[in-house]
Amino acid sequence: MKEWIEYPDGWIWLGQVLLAIAVVIGVVYVLRLGWRAASAFLATRPALDRPLGLTGGVIAVVGALLPWVTFRLNDGPYPDKATLQFFDAPFALSGFRLHTLVLGVLAIVVLFLPLPRRRVLRALGLGAIGIALVNILFPVIDGGGLGAITSDGENFAFGGIATLVAGLLLLFAAKTGGVLEPVPHWKSAVPRLVAYAVLVISFVVLLLVVAMMLNAGGQGGVGNPYAGPIFLSLLAFLAGVLGALQAIGLTTWISALSDQHKWFSVVVLLLVALGLPFTEAGTDYWMTTAANIGVYAATAIGLNIVVGLAGLLDLGYVAFLGIGAFVAANFSGAAAAAFDIELPFVVAAIIAAVVAGIFGAVVGSPTLRVRGDYLAIVTLAFGEIFKKAAQNNIGDLTGGANAIPNVPPINWFGQSFDKPLTIGSVELPSGVLYYVLIIVLVALVMVVFANLKNSRIGRAWIAIREDEDAARAMGIKTGQAKILAFLIGATLAGLAGAVFAHKTSTVAYDSFQFIESVTLLAAVILGGMGSIPGAVLGAALLLVLPEKLREFSDYRLMLFGLALVLIMRFRPQGLVPDRHRRAELADEGADGVPIEELNVHDTPGDEKAVTR
């Protein structure tokens, strides 16, 4: 008899992976062909939008009332009483089942309102599909197999499948009639008090949503094996609702009101941010995380000047954060500091910002000779030189492998920033004062960035980013402008580094690795280059998502990277792009509407297009 060749386990695993990839590619290809055929069929049948939308909404409601998992998984019963064994109260909805019900009800209601219902149905359908996929794939991958979401032979649970079908039907309803309806344009000329009331309500709702997202699935996913799918389900639900609000023009209207009343919006947003400790997210864990987000956000805004405005690729930017941190630590009075002197925090922070700015100007000087990839190599080399210098404790300024420990916390008016704060009968968590300081710092950096962007030098930076030779031909002193970009960006990073040193109490060289520069650069690109809120949002996502996806263990970084790839695929201009990047990379108008949707025909067959 012929003997079978025994392959090593590694080759068997590789073959299984390749087979799985081939199956996925084949399924995606078939689905894409089917989607194109269905879209072509529905484009000529506009009358089907209501039947399909109504059917999808009803099925979504039914899916919310059904069990989603047939049996108890290895990590325990699936949350929100979705496991059939614990399905004792079908109408006591919570979590993702409640979110599914809300999406279904909204899909039904919008069919009877004078709104661009196909746009709304598309957003709600995507939200329902997101919830369904998360809560179908997780039980299957977590050891349940397909039987966990369909039938184990005796019991049946089709909640997830029903919700997936409902989402697809809503997408099909959005495809009827071809081109989507134009986004309604709300008049922004409203009384001042009405505008103020709308902005206050909007920002308060935003605060509550942020607090709900942070606590979805528990504090950082600790102690809850299903924190990941709970958090991702909430993200899918919020994305669907936000897309529906954008489809009816509400978010664009609020944004226009915010632009008209900019300073009022800034003040209210600052007050709302300071209200986070009073919500359910006001814990030691989230105050520490929020303070770290603030440090990275302030640093990312500084990098946004270099990369987003001036278009200079900097791969060693975290070195300026490290310079500011080490300078502040050496003037903090720590036992291992190089200088036996303790300066007030404000003075030490100013010195740290100035020193970092000087190094920024030094690093920016090669930009007079090199650009593009060569400049990236120069900045990368500077970052590595800084790390090696800090590791070898050159000049006894960094502590080397021992770092600079026991940096004293900031202490103002007898209150240490690392202690809990009591206001009347309310006791706020430890670290809340650092959070308040970071919020003020980020607000200050945002004001500086906004004024620079709208100034003459800001326009010069944008011109250099678009075409340096053309900018020089127009009389812009490109060399001085680029060095100034590095100087200001490094100064802001040094200021953030001073706060970082006192907050973490230990400054070590391994806190400023190359991966940190990549993270900051990813925050700028992800949020939207040249966008102030984009840098803050990018930094928040890059720090919060890994924490919320921690329970995925070995797959956490892979899922995180996949999320970044998908965002860059479908939002190359960033999550909150400025107008230049929006028009350049996404062919969108000022309101975020695609250019091809801005021109609509007056009547069928009329070739004369009018701009909405």
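Fair warning: this is a prediction, and the values are worked out from it, not measured in the lab.
Although no hydrogens or angles enter the test, the distance criterion places a donor-acceptor pair under 3.5 Å between the side chain of W186 and the main chain of I248. Not a single donor-acceptor pair under 3.5 Å links the side chain of W68 to the backbone N or O of I136. In terms of modelled atom types and a separation under 3.5 Å, the side chain of N304 and the main chain of L309 share no donor-acceptor contact. With R97 contributing its side chain and A64 its backbone, the two residues share a donor-acceptor pair below 3.5 Å. In this structure a side-chain-to-backbone donor-acceptor pair under 3.5 Å is missing from S255 to T251. Between the side chain of E181 and the main chain of R118, a donor-acceptor pair closer than 3.5 Å is present. In this structure, the side chain of T176 engages the main chain of A173 through a donor-acceptor pair within 3.5 Å. Using modelled atom types, one side-chain atom of R45 and one backbone atom of F41 make a donor-acceptor pair closer than 3.5 Å.
Between L111 and A107, the shortest heavy-atom contact is CG-O, 3.3 Å. Shown here for A539 and A523, the closest heavy-atom pair between the two residues is N-CB, 3.6 Å. T163 and A128 get closest at one heavy-atom pair: CG2-O, 3.6 Å. Across V536 and A297, no two heavy atoms sit closer than the pair CA-CB, 4.1 Å. Taking all atoms of both residues into account, the shortest heavy-atom contact from K187 to W253 is O-NE1, 3.0 Å. In plain terms, the two heavy atoms of A132 and L164 that are nearest each other are CB-N, 3.6 Å.
Summarising the geometry, atom CZ belonging to R192 is positioned 9.5 Å from atom CD belonging to Q260; distances are rounded to the nearest 0.5 Å. Note that CG of L54 and CG of L121 are 10.5 Å apart. Values are rounded to the nearest 0.5 Å. Between L257 atom CG and T252 atom OG1 the span is 11.0 Å, to the nearest 0.5 Å. Between atom CZ of residue F138 and atom CG of residue L232 there is a gap of 9.5 Å, rounded to the nearest 0.5 Å. For the atom pair OG1 (T70) and CZ (F158), the distance works out to 9.5 Å, reported to the nearest 0.5 Å. Atom-to-atom distance recorded for L269:CG and L207:CG is 9.5 Å, nearest 0.5 angstrom.
Between W286 and P277 the shortest side-chain heavy-atom distance does not fall below 4.5 Å. Side-chain contact between P116 and L180: absent, with no pair of heavy atoms (C-beta onward) separated by less than 4.5 Å. Taking 4.5 Å as the limit, every side-chain heavy atom of L170 sits out of range of all side-chain heavy atoms of R122. You'll find the side chain of Y226 stays beyond 4.5 Å of the side chain of F231, heavy atoms only. Between F237 and T100, every side-chain heavy-atom pair lies at or beyond the 4.5 Å cut-off. Put simply, the side chain of I301 does not reach to within 4.5 Å of the side chain of V524, judged on heavy atoms. By the 4.5 Å heavy-atom criterion applied to side chains, L93 and L65 are counted as neighbours. A heavy-atom distance below 4.5 Å is found between the side chains of Y435 and L276.
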Audit row: V307, L521, side-chain contact (heavy atoms from CB on, under 4.5 Å) steps and yes/no:
CA-CA 8 Å; V307 177; L521 184 62; 4.0 Å; yes
Do Y196 and V268 pass the side-chain contact (heavy atoms from CB on, under 4.5 Å) test, and can you show the C-alpha distance, the side-chain angles, and the key distance before you say yes or no?
CA-CA 9 Å; Y196 286 176; V268 173; over 6 Å; no
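Within the structure, the side chain to side chain donor-acceptor pair (under 3.5 Å) test picks out the following pairs touching residues 265-279 (sequence neighbours left out): S258-S265.
When each of L303, I525, I515 is checked for a side-chain contact (heavy atoms from CB on, under 4.5 Å) with L520, only L303 meets the rule. With S233 as the fixed residue, the side-chain contact (heavy atoms from CB on, under 4.5 Å) test singles out one of L238, V134, L133: V134.
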